[in-house]
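By convention in this document, chain letters (A, B, ...) are assigned in the order of the sequence lines, proteins followed by strands, and residues within each chain are numbered from 1. Every heavy atom of this structure was used, including side-chain atoms; hydrogens, water molecules and symmetry mates were not.
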Protein chains: 2
Amino acid sequence: MTDKKPGMQVRGSTTGRPIMVLFDVLGQRWTLRIIWELRTGRMTFRELRSHCDEISPTILNQRLKTLRELGLVNHEEGGYGYTEMGAELAKKLGRFDKWAENWAKTLDMP
Amino acid sequence: MTDKKPGMQVRGSTTGRPIMVLFDVLGQRWTLRIIWELRTGRMTFRELRSHCDEISPTILNQRLKTLRELGLVNHEEGGYGYTEMGAELAKKLGRFDKWAENWAKTLDMP
DNA sequence: CTTGACGCTACATAATCAGTAGCATATGTC
DNA sequence: GACATATGCTACTGATTATGTAGCGTCAAG
């Protein structure tokens with residue numbers, strides 16, 4: 001089911017280029033959100049689920065499985081959380097927050 | 001159809017927080033890829049399509065519509081390309097490339 | 001032996017995506 | 001004017017994914 005790994009072919013790319021694999025994975029619904037929510041620390045499946053607005057457990061589980069296989073998230077004492085690489089990625093994503101605020105302003109926004 | 005704008009509610013978030021809107025949009029299939037492919041410059045619908053591995057025109061059009069409404073992409077002389085904000089976003093995404101290469105290495109990879 | 005939290009699965013329905021065909025407009029060529 | 005070509009895009013059908021709700025099996029505590 002989860003057979004996305006750098007080096008393998010992914011939807012829309014026969015190269016297996018890591019960035020393509022990454023985009024392919026992040027381009028799945030909820031993945032970005034899940035990574036984002038974990039920024040506040042480790043949490044259980046159910047905690048994570050409620051942080052993600054009660055996302056369906058089916059999807060949450062699928063995403064966590066993928067993220068674990070890709071070495072971005074793990075599950076140990078304290079619940080789900082980042083691996084080292086996962087933390088790096090999350091840090092990068094964090095930088096979008098400020099940008100998004102500005103972006104919102106350029107769009108005539110609340 | 002495309003009613004995603006910062007300040008509005010999106011899937012999984014009642015706050016309309018810009019970062020959530022962003023993640024919601026980027027979490028749609030092909031969106032990241034489309035932004036990525038435009039990095040080499042403006043191109044026509046059809047050119048863009050072939051850069052994206054012949055993505056269905058239905059989807060491409062939907063995504064472009066959304067990206068245009070969100071002020072990230074526009075369509076003028078020379079074809080589709082970034083707006084100012086779009087270029088900023090793309091630049092940020094570009095930084096994932098190197099990270100992804102390293103990430104791939106940590107996963108025992110080609 | 002009941003209670004509660006945990007990680008997760010089953011299953012049916014709804015939303016989204018994909019793939020192919022082809023239209024309408026514009027531009028250039030003869 | 002008739003014809004070819006490129007462009008942006010829509011229509012339509014079938015396949016894939018996501019959603020939502022219920023609840024199971026395990027474990028630790030009371």
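For the pair I59(B) CD1 and dT20(C) C1', the computed distance is 14 Å after rounding to whole Å. Between the CD1 atom of I34(A) and the P atom of dG7(C) there is a distance of 14 Å, rounded to whole Å. Rounded to an integer number of Å, the gap from CH2 of W30(B) to P of dC17(C) is 12 Å. Taking atom CG of L60(A) as the reference point, atom C1' of dC6(C) lies 13 Å away to the nearest angstrom. Whole-Å rounding puts the Q28(A) CD to dT16(D) P distance at 15 Å. Atom C1' of nucleotide dT16(C) and atom CD of Q62(B) are separated by 8 Å, given to the nearest angstrom. Here the C1' atom of nucleotide dC8(C) and the CG atom of L48(A) are 13 Å apart, to the nearest Å. Regarding D24(A), its CG atom lies at a distance of 16 Å from the P atom of dT16(D), rounded to whole Å.
Residues F45(A) and N61(A) have side chains in contact (heavy-atom distance under 4.5 Å, counting atoms from C-beta outward).
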Could you pull out all donor-acceptor pairs under 3.5 Å where a side-chain atom in residues 83-91 of chain B meets a protein atom, sequence neighbours excluded?
{"unit_1": "T83(B)", "atom_1": "OG1", "unit_2": "G71(B)", "atom_2": "O", "d": "2.6"}
{"unit_1": "T83(B)", "atom_1": "OG1", "unit_2": "L72(B)", "atom_2": "O", "d": "3.2"}
{"unit_1": "T83(B)", "atom_1": "OG1", "unit_2": "M85(B)", "atom_2": "N", "d": "3.4"}
{"unit_1": "T83(B)", "atom_1": "OG1", "unit_2": "G86(B)", "atom_2": "N", "d": "3.0"}
{"unit_1": "E88(B)", "atom_1": "OE1", "unit_2": "W99(A)", "atom_2": "NE1", "d": "3.0"}

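Between F23(A) and W36(B), the two ring planes are perpendicular [angle over 60°; tilted spans 30° to 60°].
Under 3.5 Å, the side chains of Y82(B) and R42(B) contain no donor-acceptor pair of N or O atoms.
Annotation: side chain to side chain donor-acceptor pair (under 3.5 Å) contacts of D97(A) (sequence neighbours excluded): R17(B).
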Can you give me the N/O atom pairs linking the protein to nucleotides 8-11 of chain D at distances under 3.5 Å, or say none if there are none?
{"unit_1": "dG8(D)", "atom_1": "OP1", "unit_2": "F45(B)", "atom_2": "N", "d": "3.2"}
{"unit_1": "dG8(D)", "atom_1": "OP2", "unit_2": "F45(B)", "atom_2": "N", "d": "2.7"}
{"unit_1": "dG8(D)", "atom_1": "OP2", "unit_2": "R46(B)", "atom_2": "N", "d": "3.3"}
{"unit_1": "dG8(D)", "atom_1": "N7", "unit_2": "R46(B)", "atom_2": "NE", "d": "3.3"}
{"unit_1": "dG8(D)", "atom_1": "N7", "unit_2": "R46(B)", "atom_2": "NH2", "d": "3.0"}
{"unit_1": "dG8(D)", "atom_1": "O6", "unit_2": "R46(B)", "atom_2": "NH2", "d": "2.5"}
{"unit_1": "dC9(D)", "atom_1": "OP1", "unit_2": "R68(B)", "atom_2": "NH2", "d": "3.3"}
{"unit_1": "dC9(D)", "atom_1": "OP2", "unit_2": "Y80(B)", "atom_2": "OH", "d": "2.1"}
{"unit_1": "dT10(D)", "atom_1": "OP2", "unit_2": "N61(B)", "atom_2": "ND2", "d": "2.2"}
{"unit_1": "dA11(D)", "atom_1": "N6", "unit_2": "T58(B)", "atom_2": "OG1", "d": "3.2"}

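Of the possible donor and acceptor atoms, one in the side chain of R49(B) sits under 3.5 Å from a partner among the backbone N and O of I55(B).
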